[in-house]
Visitor: 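I have a structure here, written as structure tokens, and I will follow up with some questions on it.
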Amino acid sequence: MRHTMKKNLFHTLVLTASATMLTSCFDEIKQVFNGEEGATPAPAEQQAPAEPAAPVIPTEPTNEEITQMLMEQLSGCDAAEAGALTCGEPTRNPDSSISMGATLKMTVKEDLYAKETAPAAFNKEREALNEAANASMKPESVYLFQVGATTDLITDADRMAKPLPEHLQAPLNELKELADSPVYRKVVNAGDSVDASATFTAIYTDAAWKFSNIVVDNAALLELNNYTAQSALPQDAPILTPEFEESRKATIREKVAAFNQLAEPYIKGREEQARATLTEHQARAEEEARRMTEQAAAQEAARQESIQGFVQALANDNLFAGEWTRDKKFGELSLHIEEAKQFDNSVQFVGTIYDTKLPEASLDIAGRCDLTPREDGTTQVDITIYDGQYDPDQPTAEVYDAKDGMLSLTLSKDGKLSGIMSCASWANTPEKAFQINMTPKAKEEPKRRRRR
């Protein structure tokens with residue numbers, strides 16, 4: 001065995017030497033072939049340097065780079081600052097970019113407060129003043145009824161609510177402010193965290209990561225903008241705590257008691273004023289009733305006086321004389337009442353009218369006087385003209401010739417008759433009417449003729 005090993009070793013040495021010699025011979029033949037016979041091989045240090053290694057390309061952005069990108073997207077919310085970042089596994093895209101998601105935990109810097117309406121308990125405490133406040137503002141009519149007034153004495157002004165006087169309005173306003181003014185409630189503590197997440201695509205180019213397709217979910221972060229930071233609260237801001245709530249309710253109770261105490265004498269004073277007002281109303285009502293009675297009596301006396309004046313003016317055998325006019329023509333006219341009869345609301349009479357200068361020629365008439373005086377103290381007298389004798393050369397013959405002649409007159413308080421003499425058929429031609437004005441005359445003995 002040992003002999004065999006020595007033989008193998010010998011063969012190995014021989015083969016190695018032979019290979020070395022063959023290599024040396026091959027190098028010499030190569031140098032001769034290339035014209036480099038006798039050339040000395042260059043030392044190892046004189047050979048060309050190796051090319052520099054290619055730069056290493058990072059496989060994904062660092063947490064710092066992702067955080068910086070996210071903070072740029074989340075600008076506009078100063079209530080929180082960046083905290084820990086959590087990234088999902090990236091997905092390799094064919095264009096060497098990666099898609100991935102990340103969540104940045106944002107830490108709230110200081111306590112945040114929400115502005116809210118005051119607790120209902122505050123208004124509940126304030127309700128204790130309603131009775132006194134309502135009694136103070138009740139319409140005057142309520143107090144008038146309490147002291148015995150009747151509806152006929154109530155005016156529209158009495159039915160209106162009465163404003164509170166200043167010494168009650170000011171504390172009422174203060175109580176309203178205490179009960180209704182908004183309060184602040186802490187909703188977020190300093191140090192609480194809010195997550196903001198995003199998905200994006202990143203590609204490494206020009207020795208930097210470029211981000212695109214960024215979709216951010218920052219709803220929870222933006223919600224913080226609805227709140228007020230503690231450092232931004234108004235001075236002496238009412239912060240809702242159990243202690244504050246109890247203190248505010250106690251203050252309201254105290255001020256309600258003070259209001260009720262102030263209102264009590266005012267309410268009593270209103271009741272007393274209502275009683276005085278009622279007394280004045282009653283006195284005025286009695287005075288007005290007396291005045292109305294006296295006025296009605298005076299008006300009735302005046303009416304009766306006017307009626308008697310009308311009756312006397314149209315009494316038997318009374319005479320009126322005056323003139324007629326139409327355009328620029330004129331003439332004399334007389335009216336004689338032969339017989340008159342009084343009824344409840346009228347006086348009816350018969351008589352004649354004639355030319356004052358020609359009493360022998362006259363026409364029969366029948367008339368009626370309304371005994372209801374007008375506002376100006378006059379009354380209406382309507383007269384119908386019948387046939388008779390008249391001067392045919394006078395313009396008045398136009399009326400006397402017609403079968404519908406009439407006089408529409410007004411009788412004044414001093415016994416004067418005025419109006420028109422016309423015909424019913426002249427209704428559409430009023431300009432044809434004669435204007436009549438007559439006054440009472442002393443009784444005469446007109447020529448009598450037998451009535452037909």
Side-chain angles (χ1 to χ4, degrees), residues 140-141 144-145 147-159 274-324 333-351 353 365-385 406-422 424 427 430 433-443:
E140 196 69 26
S141 59
L144 287 170
F145 288 141
V147 296
T150 54
T151 55
D152 60 307
L153 296 180
I154 305 302
T155 66
D156 288 340
D158 293 332
R159 297 183 181 96
R275 195 174 300 280
T277 301
L278 174 60
T279 303
E280 293 171 3
H281 274 317
Q282 291 172 333
R284 283 196 297 269
E286 291 175 4
E287 180 183 349
E288 180 66 13
R290 184 180 295 275
R291 185 186 68 81
M292 293 295 291
T293 300
E294 293 173 352
Q295 182 178 351
Q299 290 175 345
E300 180 60 21
R303 191 179 76 86
Q304 292 298 330
E305 182 180 355
S306 296
I307 290 174
Q308 291 303 314
F310 299 150
V311 171
Q312 292 174 9
L314 301 176
N316 294 351
D317 213 24
N318 278 5
L319 178 66
F320 295 85
E323 66 172 357
W324 60 262
L333 186 69
S334 293
L335 184 153
H336 177 244
I337 296 176
E338 295 181 1
E339 184 179 354
K341 185 176 182 180
Q342 181 179 351
F343 294 90
D344 288 341
N345 297 312
S346 68
V347 170
Q348 295 186 17
F349 58 89
V350 293
I353 59 171
I365 61 170
R368 179 183 185 278
C369 172
D370 189 346
L371 293 182
T372 303
R374 299 167 177 164
E375 291 185 1
D376 61 356
T378 64
T379 192
Q380 181 70 24
V381 178
D382 294 310
I383 298 173
T384 301
I385 303 174
M406 62 180 184
L407 290 94
S408 179
L409 306 175
T410 294
L411 177 60
S412 66
K413 292 187 293 184
D414 55 0
K416 295 180 180 179
L417 286 172
S418 60
I420 62 170
M421 182 170 66
S422 182
F434 294 84
Q435 300 297 318
I436 304 297
N437 286 285
M438 293 185 289
T439 57
K441 294 296 181 182
K443 293 180 181 180

Visitor: Find out whether D158 and F145 are in side-chain contact, i.e. whether some heavy atom of one side chain is under 4.5 Å from a heavy atom of the other.
Guide: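 No - every pair of side-chain heavy atoms lies 4.5 Å or more apart.
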
Visitor: Check whether any side-chain heavy atom of T379 lies under 4.5 Å from a side-chain heavy atom of P373, and answer yes or no.
Guide: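 Sidechains of P373 and T379: no contact.
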
Visitor: Just verifying a value: how many Å separate L314 CG and I337 CD1, rounded to the nearest 0.5 Å?
Guide: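 Nearest 0.5 Å value for the CG-CD1 distance: 4.5 Å.
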
Visitor: Measuring from atom CZ of R303 to atom CD1 of I307, what distance do you get when rounded to the nearest 0.5 angstrom?
Guide: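 R303 CZ to I307 CD1: 4.0 Å, rounded to 0.5 Å.
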
Visitor: Among all residues two or more places apart in sequence or in another chain, which pass the side-chain hydrogen bond (donor to acceptor under 3.5 Å, both in side chains) test with S306?
Guide: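 Result, side-chain hydrogen bond (donor to acceptor under 3.5 Å, both in side chains) vs S306: none returned.
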
Visitor: Under 4.0 Å between a side-chain nitrogen and a carboxylate oxygen: does that hold for R291 and E288?
Guide: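 Between E288 and R291 there is a salt bridge, with a charged N closer than 4.0 Å to a carboxylate O.
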
Visitor: Between N318 and A313, is there a donor-acceptor pair closer than 3.5 Å when you use the side chain of the first and the backbone of the second?
Guide: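 Yes, the answer is positive, given that a donor and an acceptor are paired below the 3.5 Å cut-off.
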
Visitor: Listed by chain and number, what are the salt bridge (charged side-chain N to carboxylate O under 4.0 Å, His left out) partners of R368, not counting sequence neighbours?
Guide: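 Scan of R368 (salt bridge (charged side-chain N to carboxylate O under 4.0 Å, His left out), adjacent residues dropped) gives none.
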
Visitor: Where is the tightest heavy-atom contact between S412 and T378, given as atom of each residue plus distance?
Guide: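 Minimum heavy-atom contact is CA-CG2, 4.0 Å.
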
Visitor: Does a donor on one side chain sit under 3.5 Å from an acceptor on the other, for D317 and H336?
Guide: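 There is such a pair between these side chains.
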
Visitor: Please examine the side chains of I420 and Q435, heavy atoms only from C-beta on, and report whether any two atoms are closer than 4.5 Å.
Guide: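 Yes - at least one pair of side-chain heavy atoms lies under 4.5 Å apart.
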
Visitor: For Q380, which residues count as a side-chain hydrogen bond (donor to acceptor under 3.5 Å, both in side chains) partner, sequence neighbours excluded?
Guide: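 Listed in chain order: R374, D382, S408.
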
Visitor: Using the side-chain hydrogen bond (donor to acceptor under 3.5 Å, both in side chains) criterion, which residues pair with Q304? Sequence neighbours excluded.
Guide: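 Listed in chain order: E300.
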
Visitor: So do the side chains of R290 and E294 get within less than 4.5 Å of each other, counting heavy atoms only?
Guide: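 Yes; the side chains approach each other to less than 4.5 Å.
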
Visitor: Apply side-chain contact (heavy atoms from CB on, under 4.5 Å) to residues L417 and L407 and explain how you reach the verdict.
Guide: CA-CA 10 Å; L417 286 172; L407 290 94; over 6 Å; no

Visitor: Quick check: closest heavy atoms across L153 and Q282, and the distance to 0.1 Å?
Guide: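 That closest heavy-atom pairing would be CD1-CG, 4.2 Å.
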
Visitor: List the atom of D344, the atom of L371, and the distance in Å for their closest heavy-atom pair.
Guide: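 Looks like O-CD1, 4.4 Å.
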
Visitor: Can you find a pair of side-chain heavy atoms, one from L335 and one from I383, that are under 4.5 Å apart?
Guide: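 L335 reaches I383 side chain to side chain.
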
Visitor: Could you tell me if the side chain of K416 sits less than 4.5 Å from the side chain of N437, heavy atoms only?
Guide: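 No, every pair of side-chain atoms sits at 4.5 Å or beyond.
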
Visitor: Of all the heavy-atom pairs spanning I154 and A149, show the shortest one and how long it is.
Guide: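 So the minimum-distance heavy-atom pair works out to CD1-CB, 4.5 Å.
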
Visitor: Rounded to the nearest 0.5 Å, what separates atom CE in M438 from atom CD in E323?
Guide: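 Result: 11.0 Å between the selected atoms.
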
Visitor: Hey, could you give me the CD1/CG distance between I353 and L333, rounded to the nearest 0.5 Å?
Guide: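 The CG atom of L333 is 5.5 Å from CD1 of I353, to the nearest 0.5 Å.
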
Visitor: When you look at CD of E305, are more than 12 heavy atoms from neighbouring residues, nucleotides or ligands closer to it than 6.0 Å?
Guide: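 Counting other residues, nucleotides and ligands, CD of E305 stays at 12 neighbours or fewer.
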
Visitor: Which heavy atom of G148 sits nearest a heavy atom of L278, and at what distance?
Guide: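 Heavy-atom minimum between the residues: C-CD2, 3.9 Å.
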
Visitor: How far does CZ of F320 sit from CG of L409, to the nearest 0.5 angstrom?
Guide: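 Those atoms lie 9.5 Å apart.
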
Visitor: State which residues pass ring-ring contact (aromatic ring centres under 6.0 Å, His included) with F434; sequence neighbours excluded, sorted by chain then number.
Guide: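 Here the qualifying residues are W324.
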
Visitor: Indicate the atoms forming the closest heavy-atom contact of K441 with A321, along with that distance.
Guide: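 Closest approach of K441 to A321, heavy atoms only: CG-CB, 3.4 Å.
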
Visitor: Give a yes or no on whether the backbone of A340 and the side-chain of N316 come within a donor-acceptor separation of less than 3.5 Å.
Guide: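 Flag set: sc N316 to bb A340 pair under 3.5 Å.
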
Visitor: Taking side-chain hydrogen bond (donor to acceptor under 3.5 Å, both in side chains) as the definition, give me every residue that meets it alongside D370, ordered by chain and number, with sequence neighbours left out.
Guide: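 Expected list: T372.
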
Visitor: To the nearest 0.5 angstrom, please state how far the CD atom of Q312 sits from the CD atom of Q342.
Guide: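 Answer rounded to 0.5 Å: 10.0 Å.
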
